[in-house]
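Structure first, then comments.
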Amino acid sequence: MFHIEIRQKNRPLVFYKERLYLILSFLFFLWYNVLKILCAKGKYKMHKKEIANILNDIGLLLELKGENPFKSRAYYNAARTIELLDEDIEILVKEDRLKDIKGIGEAINKKITELVLTGKMKYYEDLKASIPEGLVEMLKIPGLGPKKIKTIYEKLNITTIRELEYACIENRLIDLAGFGEKTQKKILEGIQFVKQFSGQHLYPEAYTEALKLKEYLDMTKTALVTKIAGSLRRKKEIVKDIDILAAASDSSKVMEAFVNYPGVKEVIAKGDTKTSVILKSGINADLRVVTEKEFPYALHHFTGSKEHNTAMRHRAKQMGIKMNEYGRQKM
DNA sequence: AGGCCAATACTG
DNA sequence: CAGTAT
DNA sequence: GCCT
């Protein structure tokens with residue numbers, strides 16, 4: 001080892017003193033790399049945002065269950081606290097300092113710890129399974145809260161926004177206790193409002209999601225390089241999906257890694273060149289895999305915009321160059 | 001053990 | 001107008 | 001559920 005080898009030469013103490021800085025930085029370098037390797041090898045790292053989202057979800061689900069509103073609030077508060085936390089959540093968990101944070105007590109501490117260590121939370125899984133997904137979506141409808149949703153579900157057995165819309169049109173809500181003409185109209189308008197903006201996501205939301213996804217893909221080391229493409233790469237304020245481009249010799253490995261991303265809710269399509277999924281956050285994500293040679297051209301192509309591409313290709317053509325997502329050659 | 005945000009719109 | 005849901 |  002390092003120390004022994006030097007000692008064998010029987011140096012004077014001054015030698016070490018003079019080189020203390022070098023030695024220390026070398027040791028630090030070693031330590032850092034070992035840590036880095038361990039991290040890369042280890043499990044997928046849970047982000048603060050995801051933990052916060054889950055706590056927030058629990059709050060919503062509890063409201064739908066008709067639980068004590070203050071209990072839901074406790075989860076909302078904890079979610080906010082976690083999201084705004086500066087410190088690394090994993091370190092906090094490992095040193096068992098989570099409970100020292102205001103707003104996090106016995107119960108939530110245990111749940112977060114379980115989530116960070118195992119990547120799962122039994123309580124949340126069970127809770128989520130006990131309530132139809134559509135009910136949670138209904139919360140996005142302005143003017144509709146957990147109490148009314150609960151009534152709608154229990155009395156009319158409605159579980160999706162679509163069903164709810166029909167029920168409104170058929171005037172089936174006004175009979176319910178606590179509902180009236182105005183409420184029904186408001187709900188119907190609310191549904192239109194939600195529809196209008198569904199499938200559109202704000203840049204910051206989409207971008208943080210995309211970064212996590214990219215970070216995960218890079219960790220799996222199945223691709224030579226990955227890059228966020230599409231309108232997200234162009235920093236559009238509003239995007240409809242996440243586009244990721246990867247270069248690899250074996251695309252199937254990358255696709256496999258992609259669909260196994262913990263943030264994936266549903267796989268829409270899986271092929272050799274393109275795979276589409278829906279993330280738990282509700283954002284669609286596409287992954288395209290090309291060869292290393294094609295990558296620059298593909299990146300240009302998939303960054304777009306479509307208008308930009310057609311204009312550029314038109315120009316290229318005038319210059320006697322053929323250009324597409326695979327490459328560029330003189331005609 | 002007992003409190004936890006305040007203002008507003010709607011129903012009955 | 002009081003109670004309730006948002 | 002959390003805090004005092």
Side-chain angles (χ1 to χ4, degrees), chain A residues 48 50-87 89 92-93 95-117 120-132 134-161 164-165 167-198:
Chain A
K48 284 189 287 245
E50 297 171 70
I51 296 166
N53 283 340
I54 289 178
L55 292 174
N56 209 60
D57 269 10
I58 293 177
L60 295 173
L61 293 167
L62 289 177
E63 286 204 58
L64 286 170
K65 282 224 142 171
E67 260 282 5
N68 176 358
F70 296 108
K71 194 195 247 189
S72 323
R73 176 125 64 195
Y75 278 95
Y76 295 139
N77 289 337
R80 231 180 334 113
T81 312
I82 293 295
E83 191 174 350
L84 297 178
L85 214 54
D86 288 322
E87 272 194 273
I89 188 90
L92 244 33
V93 165
E95 296 178 2
D96 196 27
R97 280 162 46 215
L98 219 52
K99 57 183 189 329
D100 300 334
I101 300 168
K102 65 130 189 84
I104 297 182
E106 182 71 38
I108 296 187
N109 176 28
K110 268 190 188 157
K111 292 185 173 80
I112 296 178
T113 302
E114 180 194 350
L115 185 59
V116 169
L117 294 184
K120 278 183 169 186
M121 190 190 335
K122 187 75 166 41
Y123 177 72
Y124 174 61
E125 314 269 327
D126 293 344
L127 193 59
K128 194 158 58 112
S130 72
I131 292 169
L135 302 194
V136 184
E137 289 178 45
M138 287 184 205
L139 285 168
K140 289 187 202 147
I141 300 168
L144 242 199
K147 297 267 180 55
K148 289 225 164 77
I149 293 174
K150 195 162 181 282
T151 310
I152 290 167
Y153 172 52
E154 284 169 356
K155 301 290 176 194
L156 300 177
N157 208 28
I158 287 172
T159 57
T160 68
I161 292 185
L164 178 59
E165 187 178 10
C168 287
I169 293 168
E170 290 165 6
N171 271 323
R172 282 160 51 206
L173 292 198
I174 37 179
D175 307 326
L176 271 49
F179 290 65
E181 192 82 21
K182 289 241 190 179
T183 340
Q184 194 183 48
K185 189 169 186 293
K186 195 155 198 272
I187 290 174
L188 199 50
E189 286 167 357
I191 291 175
Q192 299 312 122
F193 181 82
V194 169
K195 273 189 176 174
Q196 190 179 348
F197 297 109
S198 69

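This is a predicted model, so every value here is computed, not measured. Only heavy atoms go into these numbers, but all of them, side chains included; no hydrogens, no water, no symmetry mates. All chains are named by letter (A, B, ...) in the order of the sequence lines, taking the proteins before the strands, and each is independently numbered beginning at 1.
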Original post:
Where is the tightest heavy-atom contact between A:Leu156 and A:Arg172, given as atom of each residue plus distance?
Top reply: CD1-O, 3.8 Å
Subject >> Integer angstrom distance from the P of B:dA6 to that of D:dC2 >> reply: 23 Å
**OP:** Kindly state each residue pair satisfying ring pair (Phe, Tyr, Trp, His ring centres under 6.0 Å) with at least one member in residues 135-158 of chain A, sequence neighbours excluded.
**Re:** none
Original post:
Can you check the A:Lys150 NZ to C:dT6 P distance for me, whole Å?
Top reply: 12 Å
Subject >> Gap between atoms CG and C1', on A:Asn68 and B:dG3 respectively (whole Å) >> reply: 11 Å
**OP:** Establish, from distance only, whether the side-chain atoms of A:Tyr76 and A:Glu63 form a donor-acceptor pair under 3.5 Å.
**Re:** yes
**OP:** Pull out every residue in residues 97-112 of chain A that has a heavy atom closer than 4.0 Å to any atom of DNA chain C, ordered by number, or say none.
**Re:** none
Original post:
What is the nucleic acid contact for A:Pro146, judged by heavy atoms within less than 4.0 Å: base, sugar-phosphate only, or nothing?
Top reply: sugar-phosphate
Original post:
Out of curiosity, A:Ile51 CD1 to A:Lys48 NZ, how far, rounded to the nearest 0.5 Å?
Top reply: 9.0 Å
What side-chain donor-acceptor pairs closer than 3.5 Å can you find for residues 77-85 of chain A, not counting sequence neighbours?
unit_1: A:Asn77; atom_1: OD1; unit_2: A:Arg80; atom_2: NH2; d: 2.6
unit_1: A:Asn77; atom_1: ND2; unit_2: A:Arg73; atom_2: O; d: 3.3
unit_1: A:Thr81; atom_1: OG1; unit_2: A:Asn77; atom_2: O; d: 2.7
unit_1: A:Glu83; atom_1: OE2; unit_2: A:Lys49; atom_2: NZ; d: 3.0

**OP:** Could I get the full list of salt bridge (charged side-chain N to carboxylate O under 4.0 Å, His left out) partners for A:Lys65, not counting sequence neighbours?
**Re:** none
Original post:
What are the two closest non-hydrogen atoms of A:Gly178 and A:Thr183, and how far apart are they?
Top reply: O-OG1, 4.4 Å
**OP:** Identify the two heavy atoms, one from A:Lys150 and one from A:Leu64, that lie closest to each other, and give their separation to 0.1 Å.
**Re:** CD-O, 3.1 Å
**OP:** Mind calculating the distance between CD1 (A:Ile152) and C1' (C:dT6) to the nearest angstrom?
**Re:** 13 Å
Subject >> Those residues of residues 70-79 of chain A lying under 4.0 Å from DNA chain C by at least one heavy atom >> reply: none
Subject >> Summary of protein contacts for nucleotides 7-12 of chain B, nucleotide by nucleotide, where a base hit scores B, a sugar-phosphate-only hit scores S (4.0 Å, heavy atoms) >> reply: ---SSS
Original post:
Could you state the CE-P distance from A:Met121 to D:dG1, rounded to the nearest angstrom?
Top reply: 11 Å
Original post:
Is the number of heavy atoms from other residues, nucleotides or ligands under 6.0 Å of A:Glu181 CD greater than 12?
Top reply: no
Original post:
Is A:Glu114 paired with A:Lys110 through a side-chain N to carboxylate O contact shorter than 4.0 Å?
Top reply: no
Original post:
Roughly how many Å is it from CD in A:Glu67 to C1' in D:dG1, rounded to a whole number?
Top reply: 9 Å
Original post:
Does the cation-pi check pass for A:Lys111 over A:Tyr124, that is, NZ or CZ under 6.0 Å from the six-membered ring centre and within 45° of its axis?
Top reply: no
